[in-house]
Novice: 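One structure, pasted below without further comment.
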Amino acid sequence: MAFAGHSIKYRFMLLIVLVAMPIAFFDVYHENQEMQRSTIKVSEDLMRSTDTVVGKVQDIIESSHDLLVGLAVVDQISGGDRQACSRLLHKVGVRYSKYTNFSVVNQDKYIICSSGPLPKPVHVANSPNINEAFATKAFAISPFKFGVLSGKPILVFSEPLLDQNNKVVGAINNGLSLTWLGEYFASVVTLTDEHIVVFDDKGVVLASYPEGHFQEGSVVKDASLIELVGQQGSGTGNFTHRDNIEMMAAYGGIPNIPGGAHVVSFASLDVLQSDMLVNLYRRLAVISLLTILSLILVWGGVRVLLLNPIDRLVASAEALAQGNLKVRSDVANETSELGRLGLAFDQMAEALAARTEAVEETKQALRQSEAKLRAIFQSTNVTALISTDAMGNLVTWNPGAEKIFGYSEKEILGQPVSRLVPEQFKEAHNAGLNRAANTRVYHIIGKTVEMTGLHKDGREFPLTLSLGVWDVGAQKYFSAVINDITERKQAEKKIHQLAYTDPYTGMPNEAFFLERLNENIDQNNQGFVASVELSGIGDIIGTFGLEAAELIIYQTGKRLREQLNSQSVVARTGERLFKIVFISNDPSEVVHLAAIANRFFQIACDSFELMGSSVFVNVSMGVSIIDPRESTAKSILTDVEISHHEAKNSITSSLVFFEKSIKKQLVRSTQIVARLHSAIENKEFQLYYQPQFNLKTNTIIGCEALIRWPEKTQGWISPAEFIPIAEKSGRIEEITTWTVDEASRAAASWIAETGLKLRVGVNISAEELDSQEFLHYVTKFIETSKLPPELLEIEITETAIMKDVAMATSNLRKIHDMGISIAIDDFGTGQASLAYLKNFPINRLKIDQSFVKSALTNKTDQHIIASIVNLAHLLDMEVIAEGVEVEEHIALLVALGCDDVQGFYLARPMPEDQFVKFVKSF
Ligand code: C2E
Ligand code: CA
Ligand code: CA
């Protein structure tokens, strides 16, 4: 399309011009036609003017004739009375003013009367019209002539006056002035620039219009006009007038006028044509004006109604194109096409904005996630993020990868990933890669695996690898997240160490011990498990300080470890507790496991050098030999526990191997604990009394109260068995208070029954000696008891005193101050330094049965007894020997200076009533 490049306004202009042009063409054509039609019409108009003038003149001639005919018969005219004739003519002349003159001539052709003044008779014998009227006896017309009086062109008409004999006697005449003709022309012309001229055959102008165009009386000089008119009759034609002006003319002749009278009406063709042209131009101008006007109107309309909205739409569209999505058409409505276009545009913009916003949001999210990913990818110099193509060539490499593997992105990109794999794993790695590429089965995708990596510097290091796979089209890519776990491995090792190490000694801890134990049990290995505990360290701390204790514990651990083989372990499992798993797969060693265990024990028992002195600690050790067929970790730990428990019951160092009997004993003690409770509640206990004798006086001086428990199902339970159990299970105080109460009550009653004041000895446990409650109890007891305090004696062992010397001393002093007697039981078996004894308020020593038993055969024991006796006496104490079973004992003890005795030989412990009887009968 040729106008495709032009703006819409030019198209509209063109459209209007295209519309205007045919109108103009039509107009020009129409004007041309019009011109032709006009030419015809002009010639017709001219013709009509000419005919009108000719007709008018003929009419006037006719009416002149009629007038003259009428006048001719009037008497005043024909009668010969000049006066009367003149008067009448005057009247007529006034009446018909277009006639110049009325006259009457007589037979002699003298004017005898006239309408105007006539001074004397005028002879008109040369008047052609009069002559003709005389001759023809008919109406006659003169040629055009200029009036004698007026000088104006006139026509003169004559009518003969006839007598009865039809003889001419005169004539009546009137002269018609042609001046009015000129005036008359004005009413005849219809065309602008129309001229009328009347001239005779000689070309003399008689009348013309407009006045003065032709001089009346002058001769027409236009030859072509004369030539045109020369032809008789009437017609139309052109002639050249004066300065070569082309004229159109219509001509006609007035008949009957002698000398001829031609009437020509004409008009200038040029003027006519120029008129037409002016007309045409005017119309063209109007058309052009209209065209321009309509152009302006249309343009304005188009601008307002079409172009402006379109411009706005265009501007909006351009703004939209430039990215302004908020722009709206501003022309939207439902009613017009443009409005709908605007609406559609707005909807489009709306949709575009929404879509752009959505796209923008998506892009934003994408950018964010990309930035995030990039940030993650770039920021981490801890984690390696790498990817490879399907061939295993590296395509991405982040700072973390550089940090971990040592290669910069530049030097490694494009290289095979196998460069990061140590030589010994390369084959497997390549095989895996090939398999993945060929089978598309990825075993380790999505898993994290531990591997070994190869650093640029050749160093191998542990790493974790998580592999991912993704596609771009048909192309596969692998991505890997890799972390260097060297530190983690070290930390794990450290944690393992921490978890399995005693922080204080650096030795393995219980967890480690248990792990090893489980391992070896699972493997059915042979050996033993032992538990070693140090005790008596409290005293060492008191003497040498805390560091000494720490040193001893550390040293013990060290000594024990020195006895180990590679499979075995010593762990520190408590403050002063060690556990040993000793494993031996050497058959010759296996038979000596007990000896090996003993060696451990002996090593632990060895003295320590502290500040120049040798120090011993008590060691308890429980051992259980592993039976590969039966032992479980749990059972063997229980066995070790049982045997160690047994070992701990010993006051001195002790090593106990697990035996089934020990276990039985443990079971029994557990049962006893259970039954003790109800025994105390139900008062199942009884007190037996064993008499004590004075060797000098041979009298009963008192007794020892011994508890008895007649248990329903098991028979008698020895106090030697249940008292330690009661002590450990916290029930001893209830038993003791009951014993003290019962014994005191009995002793008090004996005074009444026998009259004898017998001292009663009650056994007190170590726990009570150290207890404030017991002291309060005793204080209250003394206040309320009927028994004199000196008849009550408490028996305590050396060991009980040594447990807490300060407390024991204080409490014993208070008890002693109350008047109660104090005896040291089982003297010689404990570790009491004799030096202490002098500080204690002790009344009596009870020499232990064991010395008495062996004294008969063992000289040393005799010496010991003698020494004790001497020492006691030196310190102002009495001495009683226990376990006197035979007569020889008595003799010996007498010989050794002992004061009192107690034993089966003299009397067994017995119930109260028997005792009373015994005393009475003694
Ligand atoms: P212990 O205090 O040394 O009591 C003396 C033990 O020797 C008594 O044993 C007694 O029956 C026994 N005995 C006496 N003469 C002879 C003898 O000639 N030969 C032999 N082989 N044994 C003799 P029992 O009654 O079985 O008491 C054992 C231990 O139980 C007592 O030893 C004492 O430590 C404790 N015990 C007994 N009764 C009580 C009590 O009421 N309270 C407390 N705390 N302990 C008690
Ligand atoms: Ca006793
Ligand atoms: Ca005793």
Side-chain angles (χ1 to χ4, degrees), residues 496-497 499-502 505-535 553 556-606 618-650 653-670:
H496 185 272
Q497 223 169 19
Y500 288 98
T501 306
D502 166 47
T505 56
M507 291 172 69
N509 64 6
E510 181 147 27
F512 190 85
F513 160 79
L514 289 172
E515 206 170 88
R516 274 300 170 83
L517 174 65
N518 280 308
E519 265 171 36
N520 282 296
I521 296 289
D522 289 349
Q523 291 165 15
N524 297 323
N525 286 335
Q526 286 193 296
F528 67 82
V529 178
S531 169
V532 180
E533 188 166 36
L534 308 183
S535 57
I553 290 162
T556 306
K558 197 175 164 222
R559 286 179 190 177
L560 293 172
R561 271 184 291 163
E562 282 166 2
Q563 300 300 312
L564 293 177
N565 59 25
S566 63
Q567 274 180 287
S568 308
V569 67
V570 173
R572 184 175 181 231
T573 61
E575 195 188 353
R576 289 156 195 186
L577 187 66
F578 300 92
K579 288 210 175 85
I580 302 165
V581 186
F582 185 87
I583 298 300
S584 174
N585 290 328
D586 177 357
S588 63
E589 202 177 44
V590 167
V591 291
H592 298 299
L593 284 175
I596 295 168
N598 194 44
R599 199 169 71 219
F600 274 93
F601 178 69
Q602 293 307 331
I603 289 288
C605 289
D606 272 357
N618 285 334
V619 178
S620 56
M621 180 168 166
V623 182
S624 179
I625 309 288
I626 298 170
D627 180 349
R629 290 159 305 174
E630 282 187 3
S631 295
T632 64
K634 198 177 169 191
S635 74
I636 203 140
L637 282 175
T638 312
D639 293 351
V640 170
E641 195 64 31
I642 290 167
S643 55
H644 195 186
H645 180 268
E646 195 58 30
K648 277 197 277 192
N649 280 343
S650 162
S653 291
S654 162
L655 167 65
V656 177
F657 285 87
F658 177 77
E659 286 168 41
K660 295 245 161 70
S661 62
I662 302 176
K663 202 168 178 177
K664 266 187 203 156
Q665 216 179 320
L666 189 73
V667 171
R668 180 167 166 78
S669 76
T670 314

Novice: Which residues satisfy the salt bridge (charged side-chain N to carboxylate O under 4.0 Å, His left out) test with Glu510, sequence neighbours excluded?
Specialist: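 With neighbours one apart ignored, the set is Lys579.
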
Novice: Rounded at 0.5 Å granularity, tell me how far OG1 in Thr670 sits from CD in Gln665.
Specialist: 10.5 Å

Novice: Can you sort out the partners of Thr638 under side chain to side chain contact (heavy atoms under 4.5 Å, CB included), two or more places apart, ordered by chain and number?
Specialist: Ile642

Novice: Between Leu655 and Val623, is any pair of side-chain heavy atoms under 4.5 Å apart?
Specialist: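 The answer is yes; the side chains approach within 4.5 Å.
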
Novice: Say you draw a straight line from CZ of Arg561 to CD1 of Ile603; how long is it, rounded to the nearest 0.5 Å?
Specialist: 14.0 Å

Novice: Once salt bridge (charged side-chain N to carboxylate O under 4.0 Å, His left out) is applied, do any residues pair with Arg668, and if so which ones, sequence neighbours excluded?
Specialist: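 Glu721.
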
Novice: Could you check Leu637 against Phe513 for side chain to side chain contact (heavy atoms under 4.5 Å, CB included), going step by step and ending with a plain yes or no?
Specialist: CA-CA 11 Å; Leu637 282 175; Phe513 160 79; 3.8 Å; yes

Novice: If every non-hydrogen atom of Lys648 is compared with every non-hydrogen atom of Ser620, which pair is closest and at what distance?
Specialist: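 Heavy atoms of Lys648 and Ser620 come nearest at CG-OG, 3.3 Å.
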
Novice: The criterion is side chain to side chain donor-acceptor pair (under 3.5 Å); which residues satisfy it with Ser531, sequence neighbours excluded?
Specialist: His644

Novice: Side chains of Val529 and Asp639: closer than 4.5 Å at any heavy-atom pair?
Specialist: no

Novice: Going by ring pair (Phe, Tyr, Trp, His ring centres under 6.0 Å), name the residues that satisfy it together with Phe528, two or more places apart in sequence or in a different chain.
Specialist: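 Scan of Phe528 (ring pair (Phe, Tyr, Trp, His ring centres under 6.0 Å), adjacent residues dropped) gives Phe582, Phe600.
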
Novice: Which value, rounded to the nearest 0.5 Å, describes the distance between Lys558 atom NZ and Ile553 atom CD1?
Specialist: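 Those atoms lie 15.5 Å apart.
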
Novice: Determine, stepwise, if the pair Ile626 / Asn525 fulfils side chain to side chain contact (heavy atoms under 4.5 Å, CB included).
Specialist: CA-CA 8 Å; Ile626 298 170; Asn525 286 335; over 6 Å; no

Novice: Can you sort out the partners of Phe512 under ring pair (Phe, Tyr, Trp, His ring centres under 6.0 Å), two or more places apart, ordered by chain and number?
Specialist: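 So Phe512 forms a ring pair (Phe, Tyr, Trp, His ring centres under 6.0 Å) with Tyr500.
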
Novice: If I take atom CD1 from residue Ile580 and atom CG from residue Leu517, how far apart are they, to the nearest 0.5 angstrom?
Specialist: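 Between Ile580 CD1 and Leu517 CG, I get 12.5 Å after rounding to 0.5 Å.
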
Novice: Measure the OG1-CG distance between Thr556 and Leu577 for me, rounded to the nearest 0.5 Å.
Specialist: 11.5 Å

Novice: Can you list everything that forms a salt bridge (charged side-chain N to carboxylate O under 4.0 Å, His left out) with Asp627? Sequence neighbours excluded, please.
Specialist: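 Partners of Asp627 by the salt bridge (charged side-chain N to carboxylate O under 4.0 Å, His left out) criterion, ordered by chain and then number, come out as Arg629.
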
Novice: Please report the shortest heavy-atom distance between Ala604 and Arg559, naming the atom on each side.
Specialist: O-NH1, 4.2 Å

Novice: Test of understanding: with salt bridge (charged side-chain N to carboxylate O under 4.0 Å, His left out), list the residues that count as partners of Glu641, not counting sequence neighbours.
Specialist: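 Salt bridge (charged side-chain N to carboxylate O under 4.0 Å, His left out) list for Glu641, sorted by chain: empty.
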
Novice: Between Met621 and Ala597, which heavy-atom pair has the shortest distance, and what is it?
Specialist: CE-O, 3.3 Å

Novice: Supply the atom-to-atom distance Glu515 CD to His496 NE2, rounded to the nearest 0.5 angstrom.
Specialist: 5.5 Å

Novice: Going by salt bridge (charged side-chain N to carboxylate O under 4.0 Å, His left out), name the pairs with one or both residues in residues 592-603, residues two or more places apart or in two chains.
Specialist: none

Novice: Do you know the tightest heavy-atom contact between Gln526 and Pro628?
Specialist: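 Closest heavy-atom pair between Gln526 and Pro628: CG-CG, 3.3 Å.
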
Novice: Please name all residues satisfying ring pair (Phe, Tyr, Trp, His ring centres under 6.0 Å) with Phe658, sequence neighbours left out, ordered by chain then number.
Specialist: none

Novice: Donor-acceptor check, side chain of Ser643 to backbone of Val640, threshold 3.5 angstrom: yes or no?
Specialist: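 Here the side-chain-to-backbone pair exists.
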
Novice: Shortest non-hydrogen contact from Ala511 to Ala499?
Specialist: CB-O, 3.8 Å

Novice: Which pairs with one or both residues in residues 562-574 pass salt bridge (charged side-chain N to carboxylate O under 4.0 Å, His left out), sequence neighbours excluded?
Specialist: Asp502-Arg572

Novice: Would you list the atom pairs, donor with acceptor, under 3.5 Å between side chains in residues 585-595 and any protein atom, with sequence neighbours excluded?
Specialist:
| unit_1 | atom_1 | unit_2 | atom_2 | d |
| --- | --- | --- | --- | --- |
| Asn585 | ND2 | Gln567 | OE1 | 3.4 |
| Asp586 | OD1 | Ser588 | N | 3.1 |
| Asp586 | OD1 | Ser588 | OG | 2.8 |
| Asp586 | OD2 | Ser588 | OG | 3.2 |
| Glu589 | OE1 | Ser584 | OG | 2.3 |

Novice: With a 4.5 Å heavy-atom cut-off, do Gln563 and Leu560 have their side chains touching?
Specialist: no

Novice: Is a donor on one side and an acceptor on the other found under 3.5 Å between the side chain of Ser568 and the backbone of Ile583?
Specialist: yes

